[in-house]
Amino acid sequence: MSKVRVILPDGSVWEAEKNVTPLQILERWKPTEVERFLLAEVNGQPWDLFRPVADEEIHIRFLTFDDPPARDAYRHTTAHVLAQAVKELFPNAKLAIGPPIENGFYYDFDIGRPFTEEDLQKIEQRMKEIVAADYRLKRLELPKKEAEALLRQAGETYKLEILAELDEETVSFYQQDGFIDLCRGPHIPSTGRIGALKLLNSAGAYWRGDERNPMLQRIYGTCFPTAEALQEHLTKLEEAQRRDHRRLGRELGLFIIEETIGSGLVLWLPKGGFIRNLLEEMWRAEHLKRGYQIVYTPHIARTELWDRSGHTQLYSDFMFPMMELESQKYLLKPMNCPLHITIFKTETRSYRDLPIRLCELGTVYRYERSGALHGLTRVRGMTCDDAHIFCRMDQAEEEFAAVVQLALRWLRLFGFDEFTVKIATRPTDKFAGTLEIWDQAESIIRSVVDNLNLDYELDVGGGAFYGPKLDIFLSDCLGRKWQCSTIQLDPNLPLRLEVNYVGQDNRDHPVVMIHRALFGTMERFMAILTEHYAGAFPTWMAPVQAIILPIADRHLSYAQSLQNGLKELGARVEINSKREPLSGRIFDAEAAKIPIILVVGDREVRDGGASVRLRGKKDLGYMPLTVLQQWIQEQIKTPKLDP
RNA sequence: GCCGCCGUAGCUCAGCGGAAGAGCGGGGGAUUUGUAAUCCCCAGGUCGUGGGUUCAAGUCCCACCGGCGGCUCCA
């Protein structure tokens, strides 16, 4: 019998029998803590606690729910419990896939009809029984042939399809109780280790996400080690709902999407319009300071322009249909670049003129499928905070890096400080230009990211049709990620559209373009801000910064003079002199999320100043006028980028 | 687009075969009010649109329009 050398996390080295399981090691090493651990990591590989190890020397670690691989295994096992329950209740159901996902898991089934609310309840009930029964999980490995026979006999056609795509000679199955499933694993040792679970909803989902495939029924669920942790997660989901920008947008008078206008088309109400204008003014000032030039372009342009740019061939799926008048054909613009290019080409540009940076808050229209629309985050008419930088190839890296840095600093101004960077590379089918040019562009982006020491993820094939890009996602206060800034390096449109400069050699050379947006679109950014702040915008951004509540009519003229004084300091101040009790008007002001409430009555009229209350907080007490003025100025100060 | 659910007053929703309701908001009146909702009265709806079933349709059926959730985070 050969031996295994086991190296534990604390550095101690043991000898064990061959085919020892991590669980056996754990029972010897930490007999009192066995229950805490869900999964092992053997020589860097996630490994079932119950799976014998074959190597002669192993470095082993034990993982708990707090380690992502173990959490995934935990939820993956729960997905198997879901599948077992469904198979028992609906023997004709065919299994598709059931992976763990960010906050839970799902499993796709083909049962020929949608699940009902009652189905879900029954399934969840059955799942809890399976958990209570505490079935052990087993891993078995079968040669592909035998696996195929097994799945064929079970009528699991989707699993057969998956199997056919696997290269391995032998494949693994996991089994608990009478349920067996083709699965890569890993899993937790037994169903009894699952603490609290809940099925959330079911919905149609195409097999492999492709609408040409049959529609399956997906059940989403989540699970946590304890009922408290599950409840915490459910509360968070409710909190997200409470912050839904579509709801807050209406309640706070920010924006609305109205049937009579059309799906995906936004009406900005005065308060939302105020915030947007504020952001846009900051944006313009910042861009002028940084050598950008502001341009304006029309919403429609002749089809020939879009033919030349390649949009009608490569982007037509997202474009509104053509309109024709006086035998001229026009298209609504889905992007601003061809128009900015046209502006660039109005003059012959010397190498000394570059870079030229044209920017515009340009409204574009894109056809999004009705089912994809969502509030302000997925719309059909949107304003991009767009810019196109025309530069030489030797300037591209520096310009690109400057934009990345600007974008990160810009987003921090609005209260975000956690970002994810994703590099999206050449699409597999619809792309313009040659592979060499794409490779060069992609390597420039990588070099920028490396020099700035940014961690990034790779989105293979996610680039625009004309070039690779770097997308910046921000995380809001609930940890949700949103795509905002996008910076695209485009060596292809300039070639196609002959966007050239005259070099030192007196010859034409193609420019390189950088397409970029910082906010992304004004619509989406407004949605993100609204949800991040739950409608309680920072004072500098709030459409109404302070509201004065005179206690009785006799205090109104004092309230007005106070209002005028504060307005002179630049504050946005209103008065609510409705003849309602103070508490009622405070309630209204809090509901409107006005940051500062100023109460004035006999005392304040006599002494000057006001009683101050901050949004969400109790009475801060009386402030004399001079103190109040200074304090207000501090409160309303707009954040600025350093030069 | 596809699957499921949902469309009743400006907003949020109850009513689900037998005379259209509530709260908020709006209008009017009373109250002159001290830190998260003062009281009373009133107006407001071809119950998303169009067809059908029925003695009778917000209510059941069909189509369309619109909204919501989901449609690879791959064994």
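Just so it is clear, the values below take in all heavy atoms, side chains as well, and ignore hydrogens, waters and symmetry mates. Owing to the predicted nature of the structure, the values given are computational and were not obtained by experimental measurement. By convention in this document, chain letters (A, B, ...) are assigned in the order of the sequence lines, proteins followed by strands, and residues within each chain are numbered from 1.
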Practice problem: If the plane angle is over 60° it's perpendicular, under 30° parallel, otherwise tilted; pick one for Tyr315(A) and Phe465(A). | Solution: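 Rings of Tyr315(A) and Phe465(A): tilted, 30 to 60°.
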Quiz item: Can you say whether the rings of His187(A) and His76(A) are parallel (under 30°), tilted (30 to 60°) or perpendicular (over 60°)?
Solution: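 Taking His76(A) first and then His187(A), their aromatic rings sit tilted (interplane angle of 30° to 60°).
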Charged N to carboxylate O below 4.0 Å: is that the case for [X] and [Y]?
| X | Y | result |
| --- | --- | --- |
| Asp119(A) | Arg113(A) | yes |
| Glu169(A) | Lys145(A) | no |
| Lys236(A) | Glu239(A) | no |
| Arg242(A) | Asp244(A) | no |
| Lys422(A) | Asp459(A) | no |
| Glu531(A) | Arg480(A) | yes |
| Arg243(A) | Asp476(A) | no |
| Arg380(A) | Glu368(A) | no |
| Lys617(A) | Glu590(A) | no |
| Arg212(A) | Asp210(A) | yes |

Please report the distance separating the [atom1] of [N] from the corresponding atom of [M], rounded so that it comes out in whole Å.
| N | M | atom1 | answer |
| --- | --- | --- | --- |
| C73(B) | G51(B) | C1' | 44 Å |
| U53(B) | A37(B) | C1' | 48 Å |
| G7(B) | U12(B) | C1' | 14 Å |
| C64(B) | G21(B) | P | 34 Å |
| G52(B) | A57(B) | C1' | 11 Å |
| G48(B) | C6(B) | C1' | 11 Å |
| C60(B) | G1(B) | C1' | 29 Å |
| U38(B) | G34(B) | P | 11 Å |

Listed in order of residue number, which residues of [range] have a non-hydrogen atom at under 4.0 Å from RNA chain B?
| range | result |
| --- | --- |
| residues 254-270 of chain A | Glu259(A), Ser263(A) |
| residues 81-99 of chain A | Ile97(A) |
| residues 602-613 of chain A | Asp602(A), Arg603(A), Glu604(A), Ser611(A), Arg613(A) |

Would you mind pulling out the nucleotide paired to [N], Watson-Crick or G-U wobble, both distances under 3.5 Å?
| N | result |
| --- | --- |
| G17(B) | none |
| C64(B) | G48(B) |
| G23(B) | C11(B) |
| C39(B) | G29(B) |
| G34(B) | none |
| C74(B) | none |

Whole angstrom is fine here: how far is it from [atom1] in [X] over to [atom2] in [N]?
| X | N | atom1 | atom2 | value |
| --- | --- | --- | --- | --- |
| Leu216(A) | C3(B) | CG | C1' | 11 Å |
| Asn576(A) | U33(B) | CG | P | 17 Å |
| Glu590(A) | A36(B) | CD | C1' | 6 Å |
| Glu117(A) | C6(B) | CD | P | 11 Å |
| Leu120(A) | C5(B) | CG | C1' | 13 Å |
| Met623(A) | U35(B) | CE | P | 18 Å |
| Glu580(A) | G28(B) | CD | P | 13 Å |
| Lys593(A) | A36(B) | NZ | C1' | 12 Å |

For nucleotides 68-71 of chain B, which of its nitrogen or oxygen atoms have a protein nitrogen or oxygen under 3.5 Å away, and what is each distance?
from: C68(B); atom 1: OP1; to: Arg246(A); atom 2: NH1; distance (Å): 3.4
from: C68(B); atom 1: O3'; to: Arg246(A); atom 2: NH1; distance (Å): 3.3
from: G69(B); atom 1: OP1; to: Arg246(A); atom 2: NH1; distance (Å): 3.2
from: G69(B); atom 1: OP1; to: Arg246(A); atom 2: NH2; distance (Å): 2.9
from: G69(B); atom 1: OP2; to: Arg246(A); atom 2: NH1; distance (Å): 3.4
from: G69(B); atom 1: OP2; to: His374(A); atom 2: ND1; distance (Å): 3.2
from: G69(B); atom 1: O2'; to: Asn201(A); atom 2: ND2; distance (Å): 3.2
from: G70(B); atom 1: O3'; to: Tyr220(A); atom 2: OH; distance (Å): 2.8
from: G70(B); atom 1: O2'; to: Gly204(A); atom 2: O; distance (Å): 3.4
from: G70(B); atom 1: N3; to: Gly204(A); atom 2: O; distance (Å): 3.4
from: C71(B); atom 1: OP1; to: Tyr220(A); atom 2: OH; distance (Å): 3.0
from: C71(B); atom 1: O2'; to: Tyr206(A); atom 2: N; distance (Å): 3.0
from: C71(B); atom 1: N4; to: Gly371(A); atom 2: O; distance (Å): 3.4

Quiz item: Under 4.0 angstrom, heavy atoms only, what part of the nucleic acid is Glu165(A) near: base, sugar-phosphate, or nothing?
Solution: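 Glu165(A): no heavy atom of the nucleic acid under 4.0 Å.
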Practice problem: Remember a base hit wins even if backbone is also touched, and classify Pro581(A) as base, sugar-phosphate or nothing at under 4.0 Å, heavy atoms. | Solution: base
Quiz item: Is the charged tip of Arg71(A) near the ring of Phe65(A): under 6.0 Å from the six-membered ring centre and within 45° of its axis?
Solution: yes
Quiz prompt | Flag for Gln84(A)-Glu88(A): side-chain donor and acceptor within less than 3.5 Å | solution = yes
Quiz prompt | Contact nearer the 5' end of RNA chain B, comparing Asp588(A) with Ile551(A) | solution = Asp588(A)
Self-check item: Any residue meeting side-chain hydrogen bond (donor to acceptor under 3.5 Å, both in side chains) with Tyr107(A), in chain and number order, not counting sequence neighbours
Solution: Lys159(A), Asp181(A)
Quiz item: Is the base of G52(B) syn or anti, where syn means the angle lies within 90° of 0?
Solution: anti
Quick one: which protein N/O atoms are closer than 3.5 Å to N/O atoms of nucleotides 11-16 of chain B? Pair and distance per line, please.
none

Quiz item: Between the side chain of Arg615(A) and the main-chain N/O of Lys593(A), is any donor-acceptor distance below 3.5 Å?
Solution: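 Yes, the answer is positive, given that a donor and an acceptor are paired below the 3.5 Å cut-off.
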Quiz item: Can you name the nearest heavy-atom pair linking Arg193(A) to Tyr74(A), along with the distance?
Solution: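 Minimum heavy-atom separation between Arg193(A) and Tyr74(A): O-CE1, 3.4 Å.
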Quiz item: Which pair of heavy atoms, one from Leu63(A) and one from Ala70(A), lies closest together, and at what distance?
Solution: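 Of all heavy-atom pairs spanning Leu63(A) and Ala70(A), the closest is CB-CB, 3.7 Å.
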Quiz item: Does atom CD of Gln560(A) have more than 12 heavy-atom neighbours from other groups under 6.0 Å away?
Solution: yes
